[in-house]
Structure formats: C-alpha cells, structure tokens
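Notes follow the structure.
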Amino acid sequence: MESRLLFSAPAKVEGDALVVLVSEREPKLSGAAAELDRAANGAIAALLQSGEFSGRAYELLPLGKLNGAAAQRVFVLGTGKAALGAHELRRLAGALGRQLKGKNLLRFACCAPEQLDPAAAIEALITGALGGDFDTGRYQRDREDKQLAEIAIVLPEQLKSQEAALAAALTRARAIAAGQDFARVLGNEPANRMTPSEMGRRAQAMAKSAGLECELITAERARELKMGAFLGVAQGSAEPPVMIVLQYKGGGNGKEKLGLVGKGITFDTGGISIKPAADMDKMKFDMAGGAAVLGAMQAIAALQPKLDVIAIVPCAENMPGGRAQKPGDVQIAMSGKSIEVLNTDAEGRLVLADGLHYAQQLGATRLVDVCTLTGAIVVALASVYTGVFSNNEEFFAAFERARAASGEKMWRMPVDEEYFEFIRGTVGDVLNVGGRWGGAVTAAMFLREFVEQTPWVHLDIAGTAWLDDPKPWMSKGPTGVAVATLVHLALQSAGK
Ligand code: BES
Ligand code: MN
Ligand code: ZN
C-alpha cells in the first residue's frame with residue numbers, strides 16, 4: 001500500500017474516493033466534514049438530517065459525486081460516540097479500508113480528524129489501514145488476492161508549514177505498519193512451516209535487508225552457554241531450537257542499551273503436561289511475542305534512533321516425546337538458578353529466563369519482554385488489554401508514555417514480594433508454576449527472578465496477540481500487538 005500526505009481543502013481533493021469522518025456525538029458537522037459540506041452547498045448536512053446515517057462507528061455511507069467536490073465519490077464514515085483517540089482512529093481506518101476494498105475501491109483519500117494531533121492521526125490511519133488489509137489466506141488456492149493500492153491523508157492547507165515534521169510522522173507510521181505486518185506474517189504461518197529454524201532464517205533475512213547484526217544460537221552453542229531452562233523446553237522436540245540475537249547499534253551515550261526479549265514457542269502442545277485438543281491449533285501463535293520483537297527491530301532499524309537495542313528471541317517447540325522434560329525435573333538456568341519444572345506447559349517463562357539473562361549479559365540495561373505467557377491474563381483482561389508488569393517506577397513511566405503514543409491498550413498488574421511465596425522452590429530455587437490463583441502475576445514473579453535489579457517491563461499478550469473472530473477493522477488471526485509501543489519506546493528513549 002502506497003501512502004502520501006495531501007495538504008488541501010477537502011473539496012479540491014481528486015481521485016476515486018474521498019472520506020470524511022462524522023461523529024455520532026456531535027449533531028453538527030465539524031472540521032473537514034463541515035468544510036466539504038459548505039463547498040457542496042449543505043449536501044452532507046441534508047443527508048444527516050434525513051436520518052439515513054447515524055454516525056455509528058464503522059458505518060460507511062456513499063454519497064456519490066457531490067457538486068462542489070472534485071473527488072469522484074464522497075463517503076462519510078461514522079466514528080461512533082466515543083472520543084476519538086489513536087486507538088479508535090486506527091480501528092476506523094482498518095474498517096474503512098476493508099469496506100472500500102469490498103467495493104473494489106483500492107485507492108482512497110481520507111481527511112485526518114481534527115480531534116487528534118496530526119502526527120498521531122497519520123500513524124493511526126496508516127497502521128490501521130494496512131492492519132485491516134492483512135491477508136491470512138495465503139494457502140487458499142482460490143483466494144482473491146486484492147490489496148489496497150493507496151491511501152492519501154488529507155490535512156488542512158495551513159499545516160503545510162509543518163510538512164517536514166509530518167512527512168517524518170508518515171515515515172514512522174510506515175515503518176511501524178511494516179513491522180506489525182512482519183510480525184503478523186510470522187504469526188499466521190502454521191507451526192509445521194514456522195519452525196524455530198524458519199524463524200531464525202526469517203530473522204536473518206530481515207536483519208540483512210534492514211542492516212541489523214544477527215546471530216543464531218544453536219542448541220550446541222546454547223549448551224556451551226549453559227542455557228538449561230531454554231534447552232529443557234526444546235529437548236522434547238525433533239525440531240532444533242534457535243535463539244535469535246539481533247543488535248541495532250544506533251550509538252547514543254553508549255551506556256544505555258534497550259533489551260527486547262520475545263517468547264518464540266513455535267508450537268505449544270504443553271509438553272508432557274499436555275493441553276486438551278480443543279483449540280490447540282491456536283498454539284501456533286505462541287511465538288507472537290518473539291515476532292513482535294522482530295517486527296519492532298525492523299522498524300527501529302528503518303528509523304535509526306540514536307540508541308543501542310538488542311533483541312533476543314528464544315525459539316523452540318514444546319512437545320511431548322521420549323526425551324521431553326517431565327514434571328518434577330530440575331533445570332539449571334543460565335543464571336545458575338535451579339528451576340523445578342512442575343508443569344511442562346509453563347514453558348514460556350523457562351525460555352524467557354535464559355533469554356532475559358543473556359540479554360543482560362550482552363549489556364542490556366533496560367528490559368522489555370513480550371510473550372503469550374498465561375491463560376490467566378486472558379481470564380483477567382480478556383482480549384482487550386495487554387497485561388503490563390514492572391519492577392521499576394521510572395522505567396514504567398517512560399514505557400507508559402510510549403504506550404500512550406501508540407494507542408495500544410495495556411493495564412498494569414502488580415509485582416509484589418508476597419506473590420513470590422507462591423513459587424518458592426522445595427527441591428530447587430524456584431517453581432515454574434504457582435498454583436491456581438494469580439497465575440499471570442506468579443508468572444511475572446518467576447521472570448523477575450531472572451532480571452533481578454535491571455529496570456524491566458513484562459507484557460503478557462496472551463489475550464491480545466490473536467483475534468478469535470474477524471472484526472470490522474481486522475481479520476481473525478495475529479494482531480501485531482506491542483510492535484508500535486516498542487518502536488515508540490525506542491524512539492522516545494533516544495529523545496526522538
Ligand atoms: N502459551 C500458553 C499461554 C496461553 C494460554 C496463551 C491460553 C493463550 C491462551 C502458556 O505456555 C501456558 O500454557 N501457560 C499455562 C501456564 C500454567 C501451566 C501455569 C496456562 O496459562 O495455562
Ligand atoms: Mn504452555
Ligand atoms: Zn506457551
């Protein structure tokens with residue numbers, strides 16, 4: 001999808017389709033819609049009067065050719081009752097693109113709503129439209145392979161004076177959208193194709209074209225590094241594990257290094273503590289955190305912020321088998337801590353334990369991990385909010401600024417000493433499960449054992465990384481969640 005900015009009065013915008021946004025809240029037209037309405041002699045207001053259009057979110061009404069407007073067709077898109085923020089606009093753009101595509105209108109112009117800062121509006125429109133255009137059906141023989149061709153974002157003429165800054169916002173938006181797309185492509189692949197080795201190859205190819213350093217740690221090397229927690233998960237599978245290490249060297253003060261660690265379980269059967277059959281197919285998405293980290297790195301490499309970033313993605317398949325680890329086994333993690341594996345289905349925290357430790361050994365001074373870690377976070381927050389945990393108020397505040405800029409919904413959960421008692425070991429130092437209650441928190445407490453004092457944020461995306469049903473703004477499948485926030489965090493950390 002191509003994209004560009006147009007500094008123009010809406011009435012002067014040419015092309016196949018021009019879209020203006022109209023809220024359900026305000027009875028009066030405002031912004032671009034009001035301006036276009038004036039140029040078209042009140043044609044839009046008349047329509048709203050007729051009651052044909054309510055302004056419900058995602059409602060799209062074709063007005064055809066309007067006298068006074070240069071575009072071939074004008075559409076009004078309802079924005080609903082909620083206040084318009086980055087999150088809402090992203091979904092509106094997704095739903096808009098999907099509806100226009102259904103009408104074979106692959107090029108369109110959309111007026112940026114005046115309620116949002118223009119840079120934020122650009123990002124929401126681009127990531128939303130591209131996000132809605134994602135194709136999950138690549139293995140279907142008779143699928144229609146139609147993609148959006150172009151979105152033009154219409155901005156008021158007086159913003160022309162800020163053209164350079166807004167062009168930079170467009171570049172940033174494209175990079176984030178491409179990073180999300182990269183993550184979703186990986187997440188959409190079935191597990192027989194997206195094996196740990198394949199994830200390594202995809203990361204390597206991406207690193208090469210993006211200009212990142214890439215190292216793939218094999219099982220043999222992981223043994224030398226004593227990554228016992230990571231290897232314990234992998235040992236039940238015939239697929240060899242790979243730990244991906246990507247480095248972005250953007251300079252900066254040379255002291256700070258942001259470490260991004262993503263869970264890369266390419267399939268989670270549960271291992272010997274095997275999962276029920278129902279919906280097990282979804283567990284191909286258990287590498288979504290790793291994919292988000294890789295997608296963010298691609299965008300960071302494209303945007304060149306002045307800081308160093310290291311990404312670590314431990315990739316493995318969690319399988320039962322003759323060599324698989326068993327409940328009760330003790331594994332010695334790279335950090336030296338011993339882990340009692342009471343449930344082999346709590347494998348994400350095991351691979352992350354070594355990933356987080358290794359990131360610090362390679363110089364990471366701040367850590368963010370991203371993982372589809374617990375069913376418990378889905379019980380707590382459903383598929384609406386990502387669960388966030390942190391051991392450091394200052395880093396959390398910085399993270400929260402980045403999250404707000406991206407418009408992704410995340411809710412903070414506790415990290416509190418009292419929960420550690422749930423996972424205190426009996427034979428080893430720490431248990432990999434903490435019983436029935438507070439499962440998302442005890443999982444976070446387990447990870448904290450491997451970050452110790454380093455400022456750290458943990459994102460449990462088990463509920464938000466995958467849509468179980470198609471939505472107006474996005475197809476069923478991987479969502480690319482967390483990419484935008486990670487990229488904003490890197491940009492903000494570099495003071496960009
Ligand atoms: N990958 C799963 C988490 C998950 C579950 C994601 C459901 C999305 C939907 C993770 O590896 C897992 O199996 N977690 C267990 C932990 C338990 C054994 C303590 C869980 O949440 O059931
Ligand atoms: Mn599991
Ligand atoms: Zn898992």
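We count ligands from 1, going down the list as the structure has it; atoms in each ligand are counted the same way. All residue numbers in this chain count up from 1 along the given sequence.
- Remark: among candidates Glu347, Met283, Met287, Arg436, the nearest residue to atom 7 (C) of ligand 1 is Met283, based on non-hydrogen atoms.
- The closest approach between any non-hydrogen atom of Lys282 and ligand 1 is not below 4.0 Å.
- Under 4.0 Å from ligand 1, the heavy atoms of Leu373 that appear belong solely to its backbone.
- Protein heavy atom at the shortest distance from atom 22 (O) of ligand 1 is Gly375 N, 4.4 Å.
- Residue contacts with ligand 1: Lys263 is placed with a nitrogen or oxygen under 3.5 Å of a nitrogen or oxygen of the ligand (distance criterion only).
- The Zn ion (ligand 3) has no N, O or S atom of Ile265 inside 2.8 Å of it.
- Short contacts between ligand 1 and Ala462, defined as distances under 4.0 Å to a heavy atom of the residue, involve ligand atoms 6 (C), 8 (C).
- Asn432 places a side-chain N or O within 3.5 Å of a backbone atom of Leu342 that can act as its donor or acceptor partner.
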Worked verdict on Arg201 versus Glu189 for salt bridge (charged side-chain N to carboxylate O under 4.0 Å, His left out): CA-CA 14 Å; Arg201 281 190 292 272; Glu189 286 293 322; over 6 Å; no
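- Screening Leu125, Ile151, Leu60, Leu21 against Leu96 for a side chain to side chain contact (heavy atoms under 4.5 Å, CB included) leaves a single residue, Leu60.
- Taking backbone and side-chain atoms together, Glu347 has an N/O/S atom less than 2.8 Å away from the Mn ion (ligand 2).
- Heavy atoms of Phe285 come nearer than 4.0 angstrom to ligand 1 in at least one pair.
- The pair Arg223-Glu220 does not count as a salt bridge, with every side-chain nitrogen at least 4.0 angstrom from each carboxylate oxygen.
- Distances from the Zn ion (ligand 3) to the N/O/S atoms of Asp286 are shortest for OD2.
- Taking the charged nitrogens against the carboxylate oxygens, Glu417 and Arg448 do have a contact shorter than 4.0 Å, which makes a salt bridge.
- At the top of the distance list for atom 2 (C) of ligand 1, counting protein heavy atoms only, stands Asp268 OD2, 3.6 Å.
- In this structure, Lys282 pairs ionically with Asp468, as a charged nitrogen and a carboxylate oxygen lie closer than 4.0 Å.
- Closest N/O/S atom of Asp268 to the Zn ion (ligand 3): OD2.
- Glu347 has its closest N, O or S atom to the Zn ion (ligand 3) at the position named OE2.
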Salt bridge (charged side-chain N to carboxylate O under 4.0 Å, His left out) assessment of Asp329 paired with Lys326: CA-CA 6 Å; Asp329 283 2; Lys326 300 164 288 293; 3.7 Å; yes
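- The distance from ligand 1 to the heavy atoms of Lys275 drops below 4.0 Å at these ligand atoms: 12 (C), 13 (O).
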